[in-house]
Amino acid sequence: MLPRRGAPEAPQRGAKAVHEHTALLRELHRTMLLIRRFEEAAAKAYSQGRIGGFLHLYIGQEASAVGALSALGPEDYIVGTYRDHGLALARGMSARACMAELYGKATGCSRGMGGSMHFFDASRKMMGGYGIVGGHVPLAAGMAFASKYRKEKGVTLCFLGEGAVSIGDFHEALSLAALWHLPLVVVVENNEYAMGTPLERTLSVADVSLKALAYGMARDRFRADDVLTVREHFQTAVQRAREESLPTLLEVQTYRYRGHSMSDPGKYRTAEEVEARKRNDCVHRAELVLQEWGVTEEELQAVGRSVEAEVEDAVRFAEESPEPSEELIEALTYA
Amino acid sequence: MRELRIREALREALAEELERDERVFLIGEEVGHYQGAYKVTEGLLARFGAARVIDAPIAEAGFAGLAIGAAMVGLRPVVEFMTWNFSAVAFDQILNNAAKVRQMSGGQFTCPVVFRGPNGAAKQVGAQHSQCFEAFYTHIPGLKVVCPATAADAKGLLKSAIRDDNPVLILEDERLYGVKGPVPDGEHLVPLGVSRVAREGERATVVTWGKGVAPALQACERLAAEGTQCAVVDLRSLRPLDHGPAAESVQRTGRALVVHEAWPYGGVGAEVVDRLQRECFGALQAPVLRVTGRDASMPYNKTLEDLVVPSADTVLRALRALLAY
Ligand SMILES: Cc1ncc(C[n+]2csc(CCOP(=O)(O)OP(=O)(O)O)c2C)c(N)n1
């Protein structure tokens, strides 16, 4: 059995509320499982040479994106790093469009031009994954600025790793967001390593959320083992942005199970450490809570099968899709 | 002679200079414990210690600037950019401080710093990770820029760069790190600003550097099989630019082709073309042609990426056009 640390109590307010709570967790669990199976399929395709370039997997961190994006509405913007598959799927982008992008196909979410690191979907306000560490944080401030400028209620969520906190762009973006009261939530996913470098060798403080203090920004810090807890923390920050137009810096404490990218053998940490972290696995935890709330083993297995079928379909779709045409090379340069 | 991979030749240069001069230190992301993102610095932390092989946070502007400051007061830093793409974050430091401090101080300070790392396309790493930086940096007076294509040049140029009193940028190539070549035993220095004839030939002259050298040589091999001998000049240094050997060759061949992976617009190739047309005007029997990367951001898709970067095939096609002119 997993330790129950941090798992929420089922609400006490009557059958309807319990039912809604369970339905929500079922949905979030399915999305987390979809991300995990998608990433596993991507890793397999990569090792078969069907996917090229860099491939940064999100396995282990699913509760972060899924909890976070469940607190958003369709009017909100999302900006991420190269580790963007989880964000895309959590935002409702199809496994087909995402897998096809990894395969570099014309049917991919960025028409095969971006690849793993650059997932975009304008219709869902998925504003992209970016490859230059920290370079996207000012962009996110810009989207938040635009929402405020147009007197819309949209909020922008910007994801980055703890390694990116050392980059100047991060600080300039925070400085502006705090000064101009932008509806921005900056999310540092602290997965303990920036490539092979542990946190204590990249930052002078262990608590990353402290970086908010000098900017006079609100901050929060929590573990992302339990997806409903993640959601609650995000709801508070998103509400602050939406209602008061104030930014927040969130530190989400998480862990990546795989290497930094597919080319990283991960020699800088022990197998025991990784195994210990897996004991708090967010997908497994959600399953235990669901079972406690009356969802049966059979029902969970059915979810597993439907997710696997969805991923298999996505792989097939990606394999069968056409390549982008040569004309795109120059055609996309200017509007 | 020994055969070394380019990454080993670079490592040997670093180790020898660390050994020789205690003012030399290495700084960059993952250069120490991780042994280098591309394993160029493997083993150097264990050998020289954490005071001289320094793992930096992801703060390119910070550690590039720090290195420039340290160089101004007497140290000799070697900065590794994980790739040159990330040097864009530190561009202001290189442009406004490294390149200018000697001139602005009326010559009171020099800036003996080396910046090195892989440049250009790797394999399907997309628009932000596939860029060539030679045009940006060779544009700047005060910087020296070199681009080795062989193991011997990688070692010799890096050692010369570390001993030079100016900021020197070494544009390496991820796809060349594993390529083997002979490297002389003992002290081996290659002077900055001297180009190299990589192949003799009388019918046309290909001028290139870095990753352009191999496809240029391959294309010339294929033409040689048909009895047409073309020359290849590897510039090695892009600033200062030694166009003398290329011009001498063109005086004989009357035809020149410049090959580079970087974008065409305002590229180093344009500088080479300008010099050749002025120096060899009377000898030229055809306009100087260029084969370059296509004028677009790099697509992720493999088929399209292959269409964007120069290859032996595109060089061969251009050479045939040049010869038929
Ligand atoms: C400016 C810049 N420097 C270096 C890199 C190379 N790089 C890519 S990801 C990465 C580590 C980032 O770690 P972190 O921010 O903690 O995010 P994580 O990958 O753990 O999600 C590095 C050094 C880069 N992409 N951009």
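Order of the sequence lines fixes the chain letters, A, B, ..., with proteins taken first and strands second; residue numbering starts at 1 for each chain. The structure presented is a predicted model; accordingly, all values stated were derived computationally and were not measured.
- Taking all atoms of both residues into account, the shortest heavy-atom contact from A/S166 to B/P57 is OG-CB, 3.5 Å.
- In this structure, chain B has heavy atoms under 4.5 Å from both the backbone and the side chain of A/Y130.
- Looking only at heavy-atom pairs under 4.5 Å with chain B, the residue among A/S110, A/G114, A/A106 that has the most is A/G114.
- Distance check, rounded to the nearest 0.5 Å: CD of B/Q124 to CG of A/L102 gives 10.5 Å.
- Here the OH-NE2 distance, from A/Y268 to B/H33, works out to 14.0 Å after rounding to the nearest 0.5 Å.
- At a 4.5 Å heavy-atom cutoff, the contact between A/D264 and chain B is made by backbone and side-chain atoms alike.
- For B/V89, the part lying near chain A is the side chain, with the backbone staying farther off; criterion is any non-hydrogen pair under 4.5 Å.
- Two rings, from B/Y300 and A/H118, have their centers 6.0 Å or more apart.
- Within the 4.5 angstrom heavy-atom criterion, only backbone atoms of B/K123 (N, CA, C, O) approach chain A.
- For the atom pair A/E323 CD and B/L304 CG, the distance stands at 7.0 Å (nearest 0.5 Å).
- Options A/R201, A/M117, A/R111, A/H260 differ in how many heavy-atom pairs under 4.5 Å they form with chain B, and the most are formed by A/R201.
- In terms of heavy atoms, A/T333 sits closest to B/A296 at OG1-CB, 3.9 Å.
- The OG1 atom of B/T303 sits 9.5 Å away from atom CD1 of A/I329, with the distance rounded to the nearest 0.5 Å.
- With chain B as the partner, the residue from A/K105, A/E330, A/K267 showing the most heavy-atom pairs under 4.5 Å is A/E330.
- In this structure the side chain of A/V133 never reaches within 4.5 angstrom of the side chain of B/F86, judged on heavy atoms.
- Using a 4.5 Å cut-off between heavy atoms, A/L203 makes no contact with chain B at all.
- Annotation for B/I58 and A/A194: closest pair CD1-CB, 4.2 Å, computed over non-hydrogen atoms.
- Between the side chain of B/E30 and the main chain of A/G196, a donor-acceptor pair closer than 3.5 Å is present.
- The aromatic rings of B/H129 and A/F54 sit perpendicular to each other, their planes meeting at more than 60°, with 30° as the lower class boundary.
- Of the two parts of A/T197, the backbone and the side chain both hold a non-hydrogen atom closer than 4.5 Å to a non-hydrogen atom of chain B.
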